[in-house]
Amino acid sequence: MKLNFREILGLVLIVLGTIIIPTAWMFSRTLTLIAFVLLFVGFTLFYTERILKREERMAKEAGSSGENCGNPMPTDINNHTGWRTGGRRVDHNDGDFDGGGDGD
């Protein structure tokens with residue numbers, strides 16, 4: 001497992017925040033706040049870098065297979081499934097062009 005600077009900094013902040021918490025609870029609210037801020041920033045730095053690496057790896061794996069290259073081909077160009085009309089059949093020759101009103 002290879003860690004970069006951002007992940008190492010995140011881990012260091014997590015460890016510092018964890019070490020400070022017991023002392024901070026005994027002595028100072030400000031120090032407790034600083035400890036929790038260190039923990040939050042450390043977790044944010046560490047896990048956002050992990051998520052970015054995972055997304056990059058997944059994009060690389062998807063691009064190398066050849067099946068996901070380019071834009072996907074639309075499969076229902078002629079609306080055979082009826083999804084674009086909400087499943088209702090629309091005939092062009094039914095003669096009811098006014099929207100189905102009551103005829104007043």
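From a predicted model like this one, the values you see are computed outputs, not experimental measurements.
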Quick one: pull up [atom1] in [X] and [atom2] in [Y] and give me the separation to the nearest 0.5 Å.
X: Arg50; Y: Glu55; atom1: CZ; atom2: CD; answer: 14.0 Å
X: Leu11; Y: Phe46; atom1: CG; atom2: CZ; answer: 4.5 Å
X: Leu39; Y: Ile21; atom1: CG; atom2: CD1; answer: 4.5 Å
X: Leu45; Y: Phe40; atom1: CG; atom2: CZ; answer: 10.0 Å
X: Arg54; Y: Tyr47; atom1: CZ; atom2: OH; answer: 10.5 Å

Full working for side chain to side chain contact (heavy atoms under 4.5 Å, CB included) between Arg57 and Leu52: CA-CA 9 Å; Arg57 187 183 72 233; Leu52 291 174; over 6 Å; no

Test side chain to side chain contact (heavy atoms under 4.5 Å, CB included) applied to Thr23 and Phe27, step by step: CA-CA 6 Å; Thr23 308; Phe27 297 113; 3.6 Å; yes

Hydrophobic cluster identity match, Ile19 and Ile34, side-chain contacts under 4.5 Å: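 They do not share one cluster, since no chain of ILVMFWY contacts under 4.5 Å joins Ile19 to Ile34.
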
Joint cluster assignment, Phe43 & Phe5, ILVMFWY side-chain distance < 4.5 Å: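 As far as the 4.5 Å side-chain criterion goes, Phe5 and Phe43 are connected within one cluster.
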
Leu38, Val15, Thr32 screened by side chain to side chain contact (heavy atoms under 4.5 Å, CB included) with Ile20, the one that passes: Leu38

Nearest heavy-atom neighbours spanning Lys2 and Glu7: O-OE1, 3.8 Å

